[in-house]
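Structure record follows, encoded as structure tokens.
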Protein chains: 2
Amino acid sequence: MSKNKILIVDDDDDIRHLLKYNLEKSGFITNIAANGLECIEMIKSYNPDLILLDVMMPGMDGIEVCERIKSDPQNKNILICFLTARNEDYSQIAGLEAGGDDYVSKPIKPKVLLSRINAILRRKSNENPKEVKNGIQINYEKYVVLKNGEEVQLPKKEFELLSLLHSKPNFVFRREQILNHVWGTDIVVGDRTIDVHIRKLREKLGVHHIVTVKGIGYKYIT
Amino acid sequence: MSKNKILIVDDDDDIRHLLKYNLEKSGFITNIAANGLECIEMIKSYNPDLILLDVMMPGMDGIEVCERIKSDPQNKNILICFLTARNEDYSQIAGLEAGGDDYVSKPIKPKVLLSRINAILRRKSNENPKEVKNGIQINYEKYVVLKNGEEVQLPKKEFELLSLLHSKPNFVFRREQILNHVWGTDIVVGDRTIDVHIRKLREKLGVHHIVTVKGIGYKYIT
DNA sequence: CAATTTTATACACATGTTATTCACAATTAA
DNA sequence: TTAATTGTGAATAACATGTGTATAAAATTG
């Protein structure tokens with residue numbers, strides 16, 4: 001698992017750098033933004049996994065920043081953790097929290113923050129376990145396959161077929177199972193269809209990843 | 001190895017009894033439940049090894065029943081095999097399948113069901129890698145045989161034949177039994193067919209693993 | 001919305017594998 | 001020894017899969 005990138009957004013310079021220091025010491029890659037605008041501009045280039053977002057900021061407040069971020073489907077897998085001051089109104093945050101994120105109250109205790117961050121990331125990584133298997137990594141959200149780090153765009157059916165096989169490495173999927181999962185039960189396709197898609201995958205990923213088990217089906221090997 | 005207990009859960013009375021009849025004929029102990037609630041109530045007292053669980057049922061559907069069962073750590077070694085109708089949505093089953101179970105599509109052919117059940121049970125009994133029997137180990141998921149740790153790919157019939165013999169080391173299977181299990185009861189093959197397959201296995205695994213019992217059949221020795 | 005490109009499927013045929021048969025040799029048990 | 005049974009080599013049948021190409025369907029683009 002590669003290091004997680006965290007974007008710290010707070011108008012207070014001291015807090016920014018305190019957090020940066022602590023998080024980097026714990027192995028995260030960090031970057032900082034002083035306000036909502038900077039944050040939004042930075043997302044594209046920095047592509048953080050998680051944003052620590054101060055709620056109370058001059059100009060655009062954290063809630064609004066969050067809404068803007070989440071409104072772009074491209075960012076739907078970016079996690080947001082609010083930093084809230086004591087006495088802050090939690091009602092709005094509560095709503096967002098239902099979306100899966102979290103918040104930490106100031107004053108921030110590094111240990112608390114850290115465990116909170118780890119919890120969020122763990123939750124997230126459980127959601128879509130994208131381990132690398134045999135040089136092939138699948139990103140279900142971006143709908144893209146990484147072959148030795150290099151992005152390979154696969155058409156829908158090929159992607160789904162690979163996902164299935166990849167989800168259980170070394171497990172032999174019967175042709176019937178493959179049909180049911182990738183094509184669905186009500187669709188009838190010729191019996192060469194699976195083979196053709198397997199061929200395409202082998203062309204794109206290299207022949208050695210998918211192994212035929214004659215009379216049964218196919219398996220993705222590690 | 002004691003007889004395996006199977007709990008059959010389906011709302012259709014005919015199917016329940018058809019399955020019960022077939023499975024008992026094949027040597028399983030069975031019990032039936034007509035819906036999810038009955039099933040769950042029955043688990044504690046009956047303690048099945050495997051549950052055949054219809055997906056589409058009035059009230060609680062099979063998926064939910066499964067989730068409930070699996071949520072209790074006590075039941076974690078109960079196997080679940082879904083019975084699915086054509087046109088059923090497999091997306092949820094896919095996830096559960098990753099847990100190690102399987103499914104059979106309706107209309108259920110007794111022979112398919114039986115071989116599926118046996119595969120699941122074998123897979124299971126193979127899970128905790130106990131002693132290797134005479135240097136030969138079978139991996140039912142990968143559909144390979146490990147000969148001193150080295151993978152050997154066997155064709156379907158050879159694999160099934162070996163699986164059968166291997167499942168009960170030192171037990172002599174009569175030729176008739178072998179035919180029934182590997183070839184099925186309605187298929188007629190010449191009387192040299194078994195021998196030929198045995199020969200192939202001996203070639204691939206070494207002659208000393210399978211012993212002929214003249215006039216009776218064969219056994220896999222440890 | 002028509003043109004174009006991409007993706008999905010079909011199909012015929014090549015290829016390779018697996019299953020089976022058969023004639024006959026070897027073995028074994030009585 | 002003999003009759004039954006099993007082992008074996010080689011031929012063939014049956015089958016499953018790979019592949020080139022055609023076509024259909026879907027998505028994209030101007």
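Each chain gets a letter, A, B and so on, in the order its sequence line appears, and its residues count up from 1.
Checking dT17(D), dT6(D), dG20(D) against the side-chain heavy atoms of Thr212(A) singles out dT17(D) as nearest. Comparing dA19(C), dG18(D), dT20(C) by their closest approach to the side chain of Glu158(B) singles out dA19(C). Closest contact between the side chain of Lys200(B) and the listed nucleotides dT9(C), dG18(D), dT20(C) involves dT20(C). Residue Val189(A) places its side chain closer to dA10(C) than to any other of dT21(C), dA10(C), dA19(C). Closest to the side chain of Arg192(A), from the set dC11(C), dT6(D), dA19(C), is dC11(C). Of all nucleotides listed (dA19(C), dG18(D), dG7(D)), dG18(D) comes nearest to the side chain of Asp195(A).
Per the geometry, CD1 belonging to Ile178(A) stands 14 Å off P belonging to dT9(C), to the nearest Å. Residue His208(B) contributes atom NE2, which lies 18 Å from atom C1' of dG7(D) at whole-angstrom precision. Straight-line distance from the CD atom of Glu160(A) to the C1' atom of dT7(C): 13 Å, rounded to whole Å. As rounded to whole Å, 12 Å separates atom P of dT8(D) from atom CD1 of Ile210(B). Taking atom CZ of residue Arg199(A) and atom C1' of nucleotide dT7(C), one finds them 13 Å apart after rounding to whole Å. Atom OH in Tyr218(A) sits roughly 12 Å away from atom P in dA16(D) (whole-Å rounding). Remark: C1' of dC13(C) and CG of Asp191(A) are 14 Å apart, rounded to the nearest angstrom. For the pair Phe159(A) CZ and dA8(C) P, the interatomic distance rounds to 12 Å; values are reported in whole Å.
A salt bridge is defined here as a Lys NZ or Arg NE, NH1 or NH2 lying under 4.0 Å from an Asp or Glu carboxylate O, and Asp195(A) with Arg202(A) fails to meet this definition.
Of the two residues contacting DNA chain C, namely Pro155(B) and Lys157(A), the nearest-nucleotide position lying further toward the 5' end is that of Lys157(A).
Here the side chains of Leu113(B) and Asn22(B) are not in contact, with every heavy-atom distance at 4.5 Å or above. Residues Ile178(B) and Leu165(B) have side chains in contact (heavy-atom distance under 4.5 Å, counting atoms from C-beta outward).
Residue Arg175(B) has no polar side-chain atom (N or O) positioned under 4.0 Å from OP1 or OP2 of dT5(D). Side-chain nitrogen and oxygen atoms of Thr193(A) include at least one within less than 4.0 Å of the OP1 or OP2 phosphate oxygen of dA10(C). Trp183(B) has no side-chain polar atom (N or O) that falls below the 4.0 Å cut-off from OP1 or OP2 of dA19(C).
Contact annotation: side chain of Lys214(B) to base of dT5(D), donor-acceptor pair present below 3.5 Å. Side-chain N/O atoms of Arg202(B) and base N/O atoms of dG7(D) include no donor-acceptor pair closer than 3.5 Å.
Shortest non-hydrogen contact noted between Gln177(A) and Leu164(A) is O-CD2, 4.4 Å.
In His197(B), the NE2 atom is crowded: over 12 heavy atoms of neighbouring residues, nucleotides or ligands sit closer than 6.0 Å.
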